[in-house]
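Okay, structure first, notes after.
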Amino acid sequence: MKVTKICCIGAGYVGGPTMAVIAKKNPNIKVTIVDINEERIAAWNDKDLSKLPIYEPGLAEIVEETRGKNLFFTTAIDEAIAESEMIFISVNTPTKTYGKGKGMAADLKFVELCARNIADVATTDKIVVEKSTLPVRTAQAIKSILHNTGSDVKFEILSNPEFLAEGTAIEDLLDPDRVLIGGESKDAIESLANVYGSWVPQERILRTNVWSSELSKLTANAFLAQRISSINAISELCEHTEANVNEVAKAIGMDSRIGSKFLNASIGFGGSCFQKDILNLVYIARSYGLNQVADYWEQVIILNDHQKRRFSDNLISTLYNTVSGKKIAMLGWAFKKDTNDTRESAAIYVADHLLNEQANIAVYDPKVNDKKVQNDLNYLDTRTKEENADLVTSFDDPYETTKDAHAIAIMTEWDEFKTYDWKKIYSQMKKPAFIFDGRNILDKTEMEAIGFEYSSIGK
Ligand code: NAD
Ligand code: UGA
């Protein structure tokens, strides 16, 4: 099938950047991104590109180049589905918060709604592409909904998981390690391969069966998260043995079989996907009775929770076992640098723990506003909105944030944190002035020379 019009359902962190790049690289294809969230669509259409709902380096430039030419954002979902030959499903697949599989399984209600929407509206043949991360064998459910419409419209279902990382999404999309397409119909697979073929070399476009493609996505995230939990486990051992986790990471990373990437010890991984996808993998394994497999992967999450907890425990015990009434300045709230995404950010859990100990928290993040910080804490439902608003204040300026603070906790590895006037920050803080560097981005010797009591991860 020759694709001239694409519709993407879901204008989020994946749908937005991915379709922007597809539109840029395929000027002859009309790409329409739809969403039920009117506010989000309005923000995507905002003339002021700094108001786009997602911050990603390089994204605004591509949106500026393509929007209104062959890239469109709209809430007119049915129209976009009806006119397109290829429909990407790129909606959220969060962990279930109710019923069977609560806290473990992926909630597929949004995906199912999309499938039903497509089934209701389609009058011409469609290729439906699973872009969301889905449990293995989800394509079967989508197929069953689409093939039972009673009409003679033909649907082909492909799995095309996304591997971009936030903060580097545009780079990752423009130069992907691989594009994975799983499907049964060769024609449908080649139609999608042609879309990517505009800029991705054919040898990097992998064709597999649908189930391998679905499972590869969960497996990739599980392996990546496992590396972080592995190095974080070693970081705790380093703290007890005078080994230095950076030196250990460098030494093992030079073994080409291990590789040097993804070995940064930290306060624990965050983000919307690692935890959700591993929990989902664990759930699937258990549902097949594979308890050893499930326990193995579950440990990655257990270790990650431990790493977040021990960061805040260490902060409290170093501050003479109490943070009650003390000002703790948190630098960074996003789950990593170069994104405004805060989903599952370690900062939220560390803050929550410190708030239980009656700390006053000051937050500065270059891309996250107070509303988001408050929403993240309110979502945990640990205390009232009023209490959160009373105890947590966000600032626009790092120097105001850290003024009169008893301690600074570095939660995100934003580059700008390294360039601050740390002498000035020190002079404005309560003494002794503590820094807890959850990202190992500052220089211990330099910080101690200024006068800080400095501690980091795994040293
Ligand atoms: P997101 O929450 O940012 O975006 C999803 C969007 O879908 C929301 O704007 C929501 O309003 C919309 N939506 C939900 N139901 C809808 C419906 N029925 N009709 C129209 N719109 C609907 O999520 P995301 O981060 O873009 O993730 C999407 C999927 O991609 C998930 O499965 C995720 O696991 C996967 N993924 C995410 C990343 C990432 O870095 N965020 C990377 C790879 C894969
Ligand atoms: C991750 C994967 O890297 C992507 O390939 C995948 O497509 C995506 O999940 C997804 O499916 O959503 P993302 O979560 O956006 O991407 O960002 P990462 O760079 O993987 O970072 C995740 C978390 O791990 C962050 O909190 C980061 O700070 C932390 N991290 C990362 C470490 O603590 N140490 C590291 O060495 C690397």
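Remember, it's a predicted structure, so these values are computed and weren't measured experimentally. Numbering starts at 1 and runs along the sequence shown.
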For the pair [X] and [Y], find out whether any cationic side-chain nitrogen is under 4.0 Å from an anionic carboxylate oxygen.
X      : Y      : value
Asp352 : Arg383 : yes
Lys337 : Glu166 : no
Arg207 : Glu190 : yes
Glu85  : Lys30  : no

Other residues, nucleotides, ligands: >12 heavy atoms within 6.0 Å of Glu39 CD:
no
Do other residues, nucleotides or ligands put more than 12 heavy atoms under 6.0 Å from the OH atom of Tyr379?
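Counting other residues, nucleotides and ligands, OH of Tyr379 stays at 12 neighbours or fewer.
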Verify the distance criterion only: is there a donor paired with an acceptor across the side chains of [X] and [Y] at less than 3.5 Å?
X      : Y      : answer
Ser456 : Asp437 : no
Glu400 : Tyr364 : no
Glu416 : Thr419 : no
Ser266 : Asn264 : no
Trp44  : Asp35  : no
Arg310 : Ser235 : yes
Asn160 : Tyr196 : yes

CA sep, side-chain torsions, deciding dist, call: Arg286, Leu290, side-chain contact (heavy atoms from CB on, under 4.5 Å):
CA-CA 5 Å; Arg286 275 205 212 292; Leu290 309 177; over 6 Å; no
Side-chain ([X]) to main-chain ([Y]) donor-acceptor, under 3.5 angstrom:
X      : Y      : result
Ser345 : Thr342 : no
Asp46  : Leu52  : no
Asn26  : Val195 : yes
Thr412 : Ala334 : yes
Asn148 : Ser144 : yes
Asp376 : Ile348 : no
Ser191 : Met1   : yes
Asn340 : Val368 : no
Lys385 : Ala389 : no
Thr138 : Leu134 : no

Nearest 0.5 Å, what's the [atom1]-[atom2] distance between [X] and [Y]?
X      : Y      : atom1 : atom2 : value
Leu303 : Glu298 : CG    : CD    : 12.5 Å
Leu215 : Thr208 : CG    : OG1   : 10.0 Å
Thr401 : Ile361 : OG1   : CD1   : 13.0 Å
Ser230 : Phe262 : OG    : CZ    : 12.5 Å
Ile36  : Leu113 : CD1   : CG    : 7.5 Å

Which of Leu355, Leu354, Ile408 passes side-chain contact (heavy atoms from CB on, under 4.5 Å) with Ile328? Answer is Leu354
Can Lys217 and Glu130 be said to form a salt bridge (charged side-chain N to carboxylate O under 4.0 Å, His left out), step by step?
CA-CA 12 Å; Lys217 175 61 197 176; Glu130 297 177 348; over 6 Å; no
Listed partners of Asn209 passing side chain to side chain donor-acceptor pair (under 3.5 Å), at least two apart
Ser212
Ring-face cation contact, Phe155 with Lys126, 6.0 Å cut, 45° max:
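The answer is no; the distance or angle limit is not met.
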cation_pi(Lys131, Phe88) dist<6.0 Å, angle<=45
no
If a pair satisfies ring-ring contact (aromatic ring centres under 6.0 Å, His included) and one of its residues is in residues 201-223, list it, with sequence neighbours excluded.
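Counting only pairs at least two positions apart or across chains, the ring-ring contact (aromatic ring centres under 6.0 Å, His included) contacts touching residues 201-223 are Phe223-Trp297.
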Arg178: what forms a side chain to side chain contact (heavy atoms under 4.5 Å, CB included) with it, not counting sequence neighbours?
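With sequence neighbours excluded, Arg178 shows a side chain to side chain contact (heavy atoms under 4.5 Å, CB included) to Phe163, Leu206, Ala220, given in chain and number order.
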Are Arg227 and Leu263 close enough that some pair of their side-chain heavy atoms sits under 4.5 Å apart?
yes
side-chain contact (heavy atoms from CB on, under 4.5 Å) evaluation trace for Lys367 with Thr339:
CA-CA 7 Å; Lys367 291 288 173 194; Thr339 177; over 6 Å; no
For the residue pair Phe274 and Phe269, categorise the inter-ring angle as parallel (less than 30°), tilted (30 to 60°) or perpendicular (more than 60°).
perpendicular
